[in-house]
Amino acid sequence: MALCAAKRRLLKHAGSCAAWARLLQRQSSGGVYSSSHGFNQEEIREKLRAFPGGSVDLLKQESGIAVLTINNPSRMNAFSGSMMVDLEERVSQLENWTDGKGLIVQGAAGSFCSGSDLNAVRAISNPQDGMKMCMFMQNSLTRLLRLPLISVALVEGRALGGGAELTTACDFRLMASGSVIQFVHKHMGLVPGWGGAARLVRIVGSQNALKLLGGALKVDPELGMRIGLADGVLEATRAGEGAGHTSELLQQVENWLGGYTKGPAPVIQAVKRVVLSGRELPLSEALRTEKDVFGTVWGGPANLQALASKSKHK
Ligand SMILES: CCCC(=O)SCCNC(=O)CCNC(=O)[C@H](O)C(C)(C)COP(=O)(O)OP(=O)(O)OC[C@H]1O[C@@H](n2cnc3c(N)ncnc32)[C@H](O)[C@@H]1OP(=O)(O)O
């Protein structure tokens, strides 16, 4: 009898593993463009690598929270071509991180990101190359937002242009006092192209998005909180800027994120998946996905443990 129950549990677990694999496939293969759209990833990678400088660094921590750092301080963390390729590679690593629960995206040395590197932009200003860069970055940022991790942008200093778009590819944004998010595209004769407009509308609504893009408004933490672009304001206790100041802010963000990532990785990842489905899919498809995700945690170790401990939620 006990053997049968154990076998049933094992079969159920195998079944949920298969469901899990299907979900991973469905949600993380998730770029927007493929070869059917004339998108040749290898070709654009090669082109982008011709504009080197800076890096995008990934630190995966035992806590299940990773830190992704946009690192090009001499250009206010602008994205060179090679950094765009780096970003895509880091997203791939995060897609395969089974123990992951949360992600913090930050800029190095006290500033978030000043968008695309204007030197690279000038060199690829022809429409064909611009489209390719745009598709490449849309794919990477869409995959970033679709990671089964709860993500937060730590906005310190300035997030301009593509940097502002990057903040919208995270689930949450926490703004340090004195920081600014600004969609400066209009001043550059542009509109967002990294998916930032589509995501912004979903975050702040079309009225606010139109104001932010049409006016190239500077969003400080106060305005950010008012329109729902910011989810919190970070106040450092140390005066000024510098390494201590930055690591104090990072610690504050880790603590904040810890409030949402406490628990086993499969459960936290399942939470992100059901919210992501609700956000992106038509209702009937979202409901079916929710059922599949539910199947991955129902009768799982955390669920059985909670049942055994007769937990109460007072
Ligand atoms: C679809 C994507 C669309 C886009 O992202 S378009 C790009 C939008 N971003 C911009 O236009 C940013 C332009 N930069 C600025 O406004 C200012 O540099 C910024 C960020 C406010 C900082 O101002 P300051 O604090 O006065 O510092 P600064 O101007 O002396 O800058 C320090 C060094 O960083 C460089 N830098 C800043 N942003 C850059 C960028 N995006 N691409 C390439 N280089 C960039 C800047 O040129 C300067 O370098 P250098 O010391 O003169 O060699």
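Positions are given from 1 along the sequence. Order of appearance sets the numbers: ligands from 1, and atoms from 1 within every ligand.
Ion pair D220/R226 not flagged as a salt bridge, since none of the NZ, NE, NH1 or NH2 atoms sits closer than 4.0 Å to an Asp/Glu carboxylate oxygen.
With ligand atoms numbered from 1 in the order given, ligand 1 contributes 1 (C) to contacts under 4.0 Å with heavy atoms of E165.
Backbone and side-chain nitrogen or oxygen atoms of G162 are examined, and one is located within less than 3.5 angstrom of a nitrogen or oxygen of ligand 1.
Below 30°, between 30° and 60°, or above 60°: for F79 and W194 the angle between ring planes is above 60°, a perpendicular geometry. Between W256 and F172, the two ring planes are perpendicular [angle over 60°; tilted spans 30° to 60°].
Nearest non-hydrogen protein atom to atom 12 (C) of ligand 1 is S114 O, 3.7 Å. For atom 27 (O) of ligand 1, the closest heavy atom belonging to the protein is M76 SD, 4.4 Å. Among protein heavy atoms, atom 6 (S) of ligand 1 sits closest to S116 OG, 3.7 Å. Among all non-hydrogen protein atoms, the one lying nearest atom 23 (O) of ligand 1 is R158 NH1, 4.0 Å. Among all non-hydrogen protein atoms, the one lying nearest atom 35 (C) of ligand 1 is R75 CA, 3.7 Å. If you check which protein heavy atom lies closest to atom 16 (O) of ligand 1, you get L160 CD1, 4.1 Å. What sits closest to atom 33 (C) of ligand 1 on the protein, heavy atoms only, is S74 O, 3.3 Å. Atom 13 (C) of ligand 1 has its closest protein heavy atom at L118 CD1, 3.9 Å.
Proximity of M188 to ligand 1, defined as any heavy-atom pair under 4.0 Å, is confined to the side chain (atoms from C-beta onward).
Proximity of atom 9 (N) of ligand 1 to the protein is indicated by at least one non-hydrogen atom lying closer than 4.0 angstrom. The presence of a protein heavy atom under 4.0 Å from atom 25 (O) of ligand 1 is confirmed. Under the 4.0 angstrom criterion, atom 41 (N) of ligand 1 counts as having a protein heavy-atom contact. Of the protein's heavy atoms, at least one falls inside 4.0 Å of atom 38 (N) of ligand 1. Under the 4.0 Å distance rule, the nearest protein heavy atom to atom 21 (C) of ligand 1 falls inside the cut-off.
Ligand 1 does not have A120 within reach: every non-hydrogen atom of the residue lies 4.0 Å or more from it.
The local environment of CD in Q207 is sparse, with at most 12 non-hydrogen atoms from other residues, nucleotides or ligands closer than 6.0 Å. Heavy atoms of other residues, nucleotides or ligands lying less than 6.0 angstrom from NZ of K47 number 12 at most.
At distances below 3.5 Å, at least one donor-acceptor pair connects side-chain atoms of N139 with backbone N or O atoms of Y33. D231 contributes no side-chain N or O that, together with a main-chain N or O of L174, makes up a donor-acceptor pair within less than 3.5 Å.
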